[in-house]
Chemist: 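Structure incoming, see below.
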There are 2 protein chains.
Amino acid sequence: MAGRAAVPEVIWTRPERTGRGPKPAFTRADIAAAAVRLADAQGLDGVSMRHVAAELGCGTMSLYNYVPRKEDLYELMVDAVGGEHELWEPGGDWRADMRRVAYQTRAAMHRHPWLPRLMSPVYGFSPNALRYLEHCMACMDPFDAPYGTKLELLGMLNGCVTTYVSTELSTTERARSLPWSEEQENAVRIAYLGSQVASGAYPRLAAAFMEDAGPIDMEAVFDRMLDRVLDGFEPRSEGSGNQ
Amino acid sequence: MAGRAAVPEVIWTRPERTGRGPKPAFTRADIAAAAVRLADAQGLDGVSMRHVAAELGCGTMSLYNYVPRKEDLYELMVDAVGGEHELWEPGGDWRADMRRVAYQTRAAMHRHPWLPRLMSPVYGFSPNALRYLEHCMACMDPFDAPYGTKLELLGMLNGCVTTYVSTELSTTERARSLPWSEEQENAVRIAYLGSQVASGAYPRLAAAFMEDAGPIDMEAVFDRMLDRVLDGFEPRSEGSGNQ
DNA sequence: TCCTAGTTACGTACAGCGTACGTAGTGCGC
DNA sequence: GCGCACTACGTACGCTGTACGTAACTAGGA
């Protein structure tokens, strides 16, 4: 009687199965998997309630029996990918362990290029997110700091990895929704950048443009970034090679 | 004759005004300002071609004379906010200058909470983005490092600030599109988190939950984060106070 | 045992979106 | 002054999320 919309719902508090009625045709895992499959194949914009329903082989509105709002579908997707994280027995070297975590996160984002766009702290309470969190905390057991600091480290690491991979993927992912190719777009933008820089208004950018020391090793850049983040929390390090 | 869709267009290469025809009723700045006004007032989802056109007082499709695709409207918005950055004569202390840049970015995101969602490296070539870039480079003149390293620093700083502010704003911004209040949603999520943690499956999270050393000073957290990023690029520092 | 209430399934419908297209009017360059 | 490129914008299409109504189904309480 009190309007159904007025009470907040978090999908994880909803029981997946209640007593009454016909048994559901799908599990949440089925639905998440279907959505992830679709997003991997067609990009995040390919994930519509209709498409996911079709992928599952049911009517569009039937999906709403499982997922009250589309955003909850997103939450299921993020949680499903979180379940792909393989956890291990931390080895005592927390920096090495956290690097491994970061590499896994990056790999997951490469497998699922739509993931960075969905990364949000509000999804941090899903079952797999909690498992992941606990695991990271276990990795940091040897790191003598308050939990608050460890959470800051984790937030910063995830933030950096997310924006890093976003940059890695941005041109490629963007091309998916454009009527022209990625290379064409890049060429036009670079040409424009060149023309602007050549105007003389941006001497340092011009210099940076000239510098251009060969091809960029993205792997090395990522590595350096991790070092820098970790260094910020434990300054003493044995020559992590700041060039 | 060669399909118009096949050739890439970057809005900045389009001349704002060509010779022929009646004079345009609006400038790009007008349009960007209208869109920004709308986004500030109603959130990014309030920015539709129809709404922006209405805000400007013209027909929906007239907008397409100025902005070929909606994404270009976004690019105009980001550029407009980039124009709000106040630039100054760098003072020689590049760390202090970069901190000031970061604080300005954060302030801009607080003024325009939709900005983090639109932050994308592909918008990095707009006129105001170039001015901003050049200014940051000028700030880093005293920092003896190759331009590549300076760009890495800038990318990392911007990434951290963006994700940091996203976190700051996430619950508030999210509430805009929900049928219930932010506080209600938080309460439900926290309650769920508590019940999960109380299950005993996540001992370290439970401990972290217990620790809870009083209210969090977001300002101090932001400050520490900046220090850590900068420390990662210049390890030697005179007691920047790690915790 | 049957009844009933809660659940699943899903077709229809609506408001809103981005934008392709066609038409009418306008003013600069030749 | 002719023509063409430009502005202006109404209409229309396909898509979206989802509210609502109806029919089938089944577990729990009497």
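Being a predicted model, the structure only gives us computed values, none of them experimental.
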Chemist: Would you say the side chains of A:Q196 and B:W12 form a donor-acceptor pair under 3.5 Å?
Modeler: no
Chemist: Would B:R106 and B:E219 count as a salt bridge (Lys or Arg N to Asp or Glu O under 4.0 Å) if you check the C-alpha gap in whole Å, the side-chain angles of each, and the deciding distance to 0.1 Å?
Modeler: CA-CA 11 Å; B:R106 183 181 177 219; B:E219 220 62 37; 2.7 Å; yes
Chemist: Do you know the tightest heavy-atom contact between B:C136 and B:V101?
Modeler: SG-CG1, 3.9 Å
Chemist: Roughly, in whole Å, what's the span from CZ in A:R69 to C1' in D:dG17?
Modeler: 11 Å
Chemist: Rounded to whole angstroms, how far apart are CG on B:L38 and P on C:dC17?
Modeler: 11 Å
Chemist: Working note: A:E182 + A:R176, criterion salt bridge (Lys or Arg N to Asp or Glu O under 4.0 Å); need CA distance, chi angles, decisive distance, verdict.
Modeler: CA-CA 8 Å; A:E182 174 191 349; A:R176 205 192 282 274; over 6 Å; no
Chemist: D:dT16, OP1 or OP2 - any side-chain N/O from A:H51 closer than 4.0 Å?
Modeler: yes
Chemist: To the nearest Å, give me how far apart OH (A:Y64) and P (D:dT16) are.
Modeler: 11 Å
Chemist: Whole Å only: how far is the CG atom of B:L63 from the P atom of C:dA20?
Modeler: 14 Å
Chemist: Within this structure, what is the OH-to-C1' distance between A:Y74 and D:dT18, rounded to whole angstrom?
Modeler: 14 Å
Chemist: Rounded off to whole Å, could you give me the CG-to-C1' distance for the B:D45 and C:dG16 pair?
Modeler: 12 Å
Chemist: Identify the residue among B:L76, B:L73, B:D72 that makes a side-chain contact (heavy atoms from CB on, under 4.5 Å) with B:R28.
Modeler: B:L76
Chemist: Would you tell me whether A:Y132 and A:N158 have side-chain atoms, one donor and one acceptor, within less than 3.5 Å of each other?
Modeler: yes
Chemist: Output the rounded distance in Å from CG (B:L178) to C1' (D:dT18).
Modeler: 15 Å
Chemist: I need a per-nucleotide contact map over nucleotides 5-14 of chain D, read 5' to 3'. Cutoff is protein heavy atoms under 4.0 Å; write B for the base, S for backbone only, - otherwise.
Modeler: SBSBBBB---
Chemist: Check whether the ring centres of B:Y103 and B:F222 lie less than 6.0 Å apart, and answer yes or no.
Modeler: yes
Chemist: Which atoms form the tightest heavy-atom contact between A:M98 and A:L153, and what is the distance?
Modeler: CE-CD2, 4.3 Å
Chemist: Contact list please: residues 113-123 of chain A against DNA chain D, heavy atoms, distance less than 4.0 Å, in numerical order.
Modeler: none
Chemist: As a quick check of understanding, evaluate side chain to side chain donor-acceptor pair (under 3.5 Å) for B:E9 and A:W180, giving each step before the final call.
Modeler: CA-CA 9 Å; B:E9 264 192 311; A:W180 49 75; over 6 Å; no
Chemist: Expressed in angstrom and rounded to an integer, what is the separation of A:L56 atom CG from C:dT8 atom P?
Modeler: 15 Å
